[in-house]
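Here's the structure, in structure tokens; my notes come after.
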Amino acid sequence: MSKILTGKVAVVTGGGRGLGRAFAHALGAEGAQVVVASRNQTDLDRVVAEAAEADYKAVAIQTDVTSEESVNNLVQQSVDHFGSVDILVNNSGVVLTKPLVDMTVDEWDRLVDTNLRGTFLAAQAAARQMIAQARGGKIINIASNFGLKGIPNHTGYSASKAGVIGFTRSAAVELSRHNIQVNAIAPGYFVTDMNTEVRANHDLQERILKTIPARRMGEADELSSWIVSLAGTASDFMTGEVIVIDGGQTVV
Ligand SMILES: NC(=O)c1ccc[n+]([C@@H]2O[C@H](COP(=O)([O-])OP(=O)(O)OC[C@H]3O[C@@H](n4cnc5c(N)ncnc54)[C@H](OP(=O)(O)O)[C@@H]3O)[C@@H](O)[C@H]2O)c1
């Protein structure tokens, strides 16, 4: 029986672990052929092996999203391997918790280069391919609720994610005439390597949980169904939107 993403090729940056790994598996379970991309080949190979066990096709392409050459190679190799790029999940990201007055320029650049420049480079390369294919496409950017609210010690991260939201809205308007929908998800706290230090610090974790009406962090699978919806026909008349999924943290 055909699944909702059968015949589609999805590229997931940061697909080797954390949220991206869950997104890759969710897209594969709905019939997509999946390309996972990040810097760590061992992580990527593990996801490809898991995909084989789950009976969907995946390929690993080692990629640094801060490099234009590397990202262009990712899109070209995806096309060489599976024949098209129909869905891009722009998920690679890094975080840094540090007071503004202590942050170095290199630290700022690393946040902005990975989270914002990486989003731009991958979206540009994928959009060029989608336009050439002339059958539309879906670009899903993973922002953060920190891009929507004031958070101490996260200026670089917040700025980069607010940039992702602005980029999403403008790219959505621009690419609409090519039937490419561009939407963003803004997660709150989800259990991944990104917040290992927070979860290891009991007092800090308790303080954070008090700011979340749901009083817990999310699990990756609680985002995956939204990724699948944005990747499929459910989003055909929806573009430039930012879906906040954070247990209520932003609305309090
Ligand atoms: N977890 C949360 O609470 C949370 C909340 C809001 C938003 N987010 C966002 O969700 C996304 C996924 O985060 P996560 O929680 O899954 O974190 P994670 O487990 O630390 O994963 C981050 C992923 O990004 C990849 N990455 C980092 N730098 C890269 C680069 N230069 N080129 C290619 N890939 C790179 C990493 O792979 P390599 O290091 O191997 O390259 C890894 O696969 C990020 O954009 C993050 O900002 C997460």
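Note that the coordinates shown come from a computational prediction; the quantities given were computed from them, not determined experimentally. Counting convention: from 1, in listed order, for ligands and their atoms alike. All values below were derived from every heavy atom in this structure, side-chain atoms included, with hydrogens, water molecules and symmetry-related copies excluded. If you read the sequence from its start, that first residue is 1, and numbering goes on from there.
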For [atom], the protein heavy atom that lies nearest, with its residue and separation:
atom                    : result
atom 14 (P) of ligand 1 : T192 OG1, 3.6 Å
atom 3 (O) of ligand 1  : F190 N, 2.8 Å
atom 16 (O) of ligand 1 : L19 N, 2.8 Å
atom 23 (C) of ligand 1 : G14 CA, 3.9 Å
atom 8 (N) of ligand 1  : Y157 OH, 3.6 Å

Looking at non-hydrogen atoms alone, which of [options] comes nearest to [atom]?
atom                    : options             : value
atom 26 (N) of ligand 1 : S67, A220, G20, S92 : S92
atom 46 (C) of ligand 1 : M194, M217, R39     : M194
atom 37 (O) of ligand 1 : A22, P187, S38, A37 : S38
atom 12 (C) of ligand 1 : N91, V164, V47, L44 : N91

Does an N or O anywhere in [X] fall below 3.5 Å from an N or O of ligand 1?
X    : result
T66  : no
V94  : no
R17  : yes
V65  : yes
Y189 : no
N195 : yes

Which of the numbered atoms in ligand 1 are under 4.0 angstrom from any heavy atom belonging to [X]?
X    : answer
S144 : 6 (C), 7 (C)
D193 : 19 (O)
D64  : 30 (C), 31 (N), 32 (N)
I142 : 9 (C), 10 (O), 11 (C)
G93  : 22 (C), 24 (O), 27 (C), 44 (C), 45 (O)
N40  : 40 (O)
G188 : 2 (C), 3 (O), 4 (C), 5 (C), 6 (C)
T114 : 28 (N), 29 (C)

Verify the distance criterion only: is there a donor paired with an acceptor across the side chains of [X] and [Y] at less than 3.5 Å?
X    : Y    : answer
D106 : T104 : no
N179 : Q181 : yes
N141 : T168 : yes
Q76  : N72  : no

Is the shortest distance from a heavy atom of [X] to ligand 1 less than 4.0 Å?
X    : value
A143 : yes
V95  : no
F146 : no

Quick check: are there more than 12 heavy atoms from other residues, nucleotides or ligands sitting under 6.0 Å from CD of E68?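 Counting neighbours around CD of E68, 12 or fewer heavy atoms of other residues, nucleotides or ligands fall under 6.0 Å, so no.
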Roughly how far, to the nearest 0.5 Å, is the [atom2] atom of [Y] from the [atom1] atom of [X]?
X    : Y    : atom1 : atom2 : answer
L100 : S158 : CG    : OG    : 11.0 Å
T211 : R215 : OG1   : CZ    : 8.0 Å
N115 : S144 : CG    : OG    : 9.0 Å
S84  : Q129 : OG    : CD    : 7.5 Å
L223 : I245 : CG    : CD1   : 5.0 Å

Please answer: with hydrophobic residues joined when any side-chain heavy atoms are less than 4.5 Å apart, are F23 and L230 in the same cluster?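 Looking at the clustering, L230 is in the same group as F23.
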Out of H25, K3, Q33, which residue meets the side-chain hydrogen bond (donor to acceptor under 3.5 Å, both in side chains) rule with Y56?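 Testing each of H25, K3, Q33 against Y56, the sole residue satisfying side-chain hydrogen bond (donor to acceptor under 3.5 Å, both in side chains) is H25.
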Partner of K138 by side-chain hydrogen bond (donor to acceptor under 3.5 Å, both in side chains), out of N183, D86, D236: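 For K138, the side-chain hydrogen bond (donor to acceptor under 3.5 Å, both in side chains) test succeeds with only one of N183, D86, D236, which is D236.
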Considering non-hydrogen atoms only, spot the tightest contact between N145 and D246 and give its length.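 The pair with the smallest heavy-atom distance is ND2-OD2, 3.1 Å.
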Is it the side chain, the backbone, both or neither of T63 that has a heavy atom closer than 4.0 Å to ligand 1?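 Backbone only.
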Let's go through R39 and T63 carefully: what are the C-alpha distance in whole Å and the side-chain angles of both, what is the deciding distance for side chain to side chain contact (heavy atoms under 4.5 Å, CB included) to 0.1 Å, and is it a yes or a no? CA-CA 5 Å; R39 295 166 301 179; T63 305; over 6 Å; no
Check E50 with R46, please: is the shortest side-chain N to carboxylate O separation under 4.0 Å?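 Judged by the 4.0 Å cut-off on N to carboxylate O distance, R46 and E50 do form a salt bridge.
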